[in-house]
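Accompanying notes for the structure given below.
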Amino acid sequence: MKNIFVILTLSAILSACAGGLHQPAVNVGKTDAITVVAADQSTTGHGAVRKLYVKSSAPEADDPLPSIQLTEELIFKYLSAEIADQRGSWQAAYVTMLGIAQQTRDPRIARRAAEIALKAKQPGEALTAIRLWRDVAPRSEEAAQYYMSFVLLSDNLEEARPMLQQRLQEMPQQARGALILQIQRLLARAKNKAAAFSLLETLVAPYKSLPEAHLALAQSAFLQGDNARASQEANAALTANPGSELAALTLAQVTPDKSDAAKSLAAFLKRNPKAREVRLAHARMLVELKQYAQAQDAFQTLLKDQPKDLTALYALGLLATQSKNPNEAEKYLTAYLDALAANPEEDRDPTQALLILSQLAEERNDTKAAHNWLNQIDPATRQAHFNAQVKRAQLFARDNDIPAARKLLKELDTHGEEEQIQVLMVEAQILRNADQTAEAMEIMEAGIKRFPGNTDLLYDYAMLAEKLNKLDIMETSLRKVIKLAPNNQHAYNALGYSLAERNLRLQEAYELIDKALKLAPEDPFIMDSMGWVQFRLGKIDEAEKLLRRAYELRPDAEIAVHLGEVLWVKGRREDAKKFWRDANTKDPKNDTLKNTLARFQVNL
């Protein structure tokens, strides 16, 4: 019975050696299965030898596996190595396993030693085991691929040169170009980019008639920052094969100026209008260049050829959203979701499309549709689902169903302090917007006690205190934010604006807002605050200039109200009314607008 146990155990052990190793960045085969044939049982007492014969199920051309004589000592060493590995003692496991591999010359054991080192993130030790694996299995393609990968990672490039040269020489001519590109990808992982480029130049020198040789050199030169050489090689590849999409894409990639790169792609498309990958890259580049109309045309062309192309549908939906065309955005994003549902094998996350569709529905005051889109977000995408539920609570509040909104927030499963604070702040904001400011203040005060050092919470607490005219709490909270986060421009701006709005300590208000503007010079709301404090200081022309610039950047109702008041004081009353009407259209419930119109006794 004991002998049978040994045979079955060793069969499992040897088979286990064939699996589990992390794959390198190239395609490799699988290790051969092991079949137990027979066991010779001898009964010569303690320390008896039990011989296990194994054979490979692979073709005869593969490396033969050794016949292993298994002593109890060898079995003990192997099992102790496995146990050590399971317990996290990689060094003991690796040393023992490598010793067994050296003793038995079994490639499966060498492979297992490499696996232990890789799992422990020890590339040097892994390479030692892989060298042994390749030595005992010289015909193994898998061992060769691992050997090449790790030699290059170790930056011992000269060791890899003979093998790579032999590979290229033996490769059939029609497959040599693909191998050159594969070698370039391997060399790209080397730390010494200059040495990798030099080796690549040597390797491809006999094959310069192949476009792939120039493409490989272009990519390698680009990686080491030599854009001139990269462009030269990419152009050579394109000359050798004028219809090569890969060459056109490489040339665009290595061209430093995006506009020039886009022009090169456009020229290629003029000669090769069916080049889909180039057209897709060109469309994406146009988006990067913010040439949205041209990008839209490019994606439309792609969609004509493939009406259910996911990339084109999604891109057109985003572009329509960007250009404030909600109907088009909804059409394309809905089609995108339908096409994605019809192709479940596509590894794409629909969350962003669902969020945009929900936002579009909310903007047209269709909160039911907004809820429906949010409900389709997969609960398995935990963070996205959490954010969707928070948004749903805000939608309930928008429909004045405050109890439903608060109930949903209280039932949310929060993970960690950040999400707890987010829920707390959203609930307070919902109550504030519903004019339940006293209750909102209670929630914020409780939150400050729980998280006294959170600057976001302190800022919102200060803004709520300002609304309730509790200026001492507001100022204390904002100054604490400034102390905790000296570069928080919003805290400087809020404190400065609050003082300017009340005509208090105007020079100090100016200094606070000036600090905020230096931290964020293009922020339209801070620009609005600076215009307003200049107005309070009597610098009317400077105020108008700043407020106009702010309104150009962000046509917000609050900025329009301030600009209107400046113009009214300057005697340009019709211009002032124009801006106030605009503010009224954007936000008819705006308190600043109501107070301003009441002070000047103006009816729009």
Test salt bridge (charged side-chain N to carboxylate O under 4.0 Å, His left out) applied to K407 - qualifying residues, sequence neighbours left out: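 Checked K407 against salt bridge (charged side-chain N to carboxylate O under 4.0 Å, His left out); matches are E411.
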
Would you say that [X] contacts [Y] through its side chain, given a criterion of any heavy-atom pair below 4.5 Å between the two side chains?
X    : Y    : result
Q383 : N387 : yes
P555 : K586 : yes
R284 : L280 : yes
Q507 : E511 : yes

Can you list every side-chain hydrogen bond (donor to acceptor under 3.5 Å, both in side chains) pair that touches residues 343-357, not counting sequence neighbours?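 Of all non-adjacent pairs touching residues 343-357, those that pass side-chain hydrogen bond (donor to acceptor under 3.5 Å, both in side chains) are T311-R348, D349-T351.
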
Summary of side-chain hydrogen bond (donor to acceptor under 3.5 Å, both in side chains) pairs that have at least one residue in residues 594-604, sequence neighbours excluded: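 Every pair satisfying side-chain hydrogen bond (donor to acceptor under 3.5 Å, both in side chains) with a residue in residues 594-604: E565-R599.
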
Taking only residues two or more places apart in sequence, or in another chain, which ones meet N365 in a side-chain hydrogen bond (donor to acceptor under 3.5 Å, both in side chains)?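 Only R398 meet the side-chain hydrogen bond (donor to acceptor under 3.5 Å, both in side chains) criterion with N365.
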
Run the side-chain hydrogen bond (donor to acceptor under 3.5 Å, both in side chains) test against K258 and tell me which residues pass, sequence neighbours left out.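 K258 satisfies side-chain hydrogen bond (donor to acceptor under 3.5 Å, both in side chains) with E288 only.
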
Run the side-chain donor-acceptor check on residues 513-520: report pairs under 3.5 Å with partners two or more places apart or on a different chain.
| residue | atom | partner | partner atom | Å |
| --- | --- | --- | --- | --- |
| D514 | OD2 | K518 | NZ | 3.2 |

Which residues share a ring-ring contact (aromatic ring centres under 6.0 Å, His included) with [X], sequence neighbours left out:
X    : value
W568 : W580, F600
Y510 : none
W373 : none

Other residues, nucleotides, ligands: >12 heavy atoms within 6.0 Å of K570 NZ: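 Above 12, so yes.
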
Can you list, pair by pair, the side-chain donor-acceptor contacts under 3.5 Å of residues 436-450, counting residues two or more places apart and other chains?
| residue | atom | partner | partner atom | Å |
| --- | --- | --- | --- | --- |
| E439 | OE2 | R406 | NH1 | 2.6 |
| E439 | OE2 | R406 | NH2 | 3.3 |
| R450 | NH2 | Q420 | OE1 | 2.7 |

Counting only pairs under 3.5 Å, give me each side-chain donor-acceptor contact of residues 490-500, with atom names and distances, residues two or more places apart or in other chains.
| residue | atom | partner | partner atom | Å |
| --- | --- | --- | --- | --- |
| Y492 | OH | P486 | O | 2.8 |
| N493 | OD1 | S529 | OG | 2.7 |
| Y497 | OH | E501 | OE1 | 3.3 |
| Y497 | OH | H562 | NE2 | 3.1 |
| S498 | OG | A494 | O | 2.8 |

Checking K193 side chain against A190 main chain: does a donor-acceptor pair fall under 3.5 Å?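 Yes; judged by distance alone, with no hydrogens or angles, the pair exists.
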
Flag, side chain of R279 to backbone of A298, donor-acceptor distance under 3.5 Å: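 No.
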
Walk me through it: do D338 and K308 pass the test salt bridge (Lys or Arg N to Asp or Glu O under 4.0 Å)? CA-CA 9 Å; D338 291 341; K308 294 186 179 181; over 6 Å; no

Taking only distance into account, with no hydrogens and no angle test, what donor-acceptor pairs under 3.5 Å do side-chain atoms of residues 314-324 form with protein atoms, sequence neighbours excluded?
| residue | atom | partner | partner atom | Å |
| --- | --- | --- | --- | --- |
| T321 | OG1 | G317 | O | 2.8 |
| S323 | OG | L319 | O | 3.0 |
| S323 | OG | A320 | O | 3.2 |

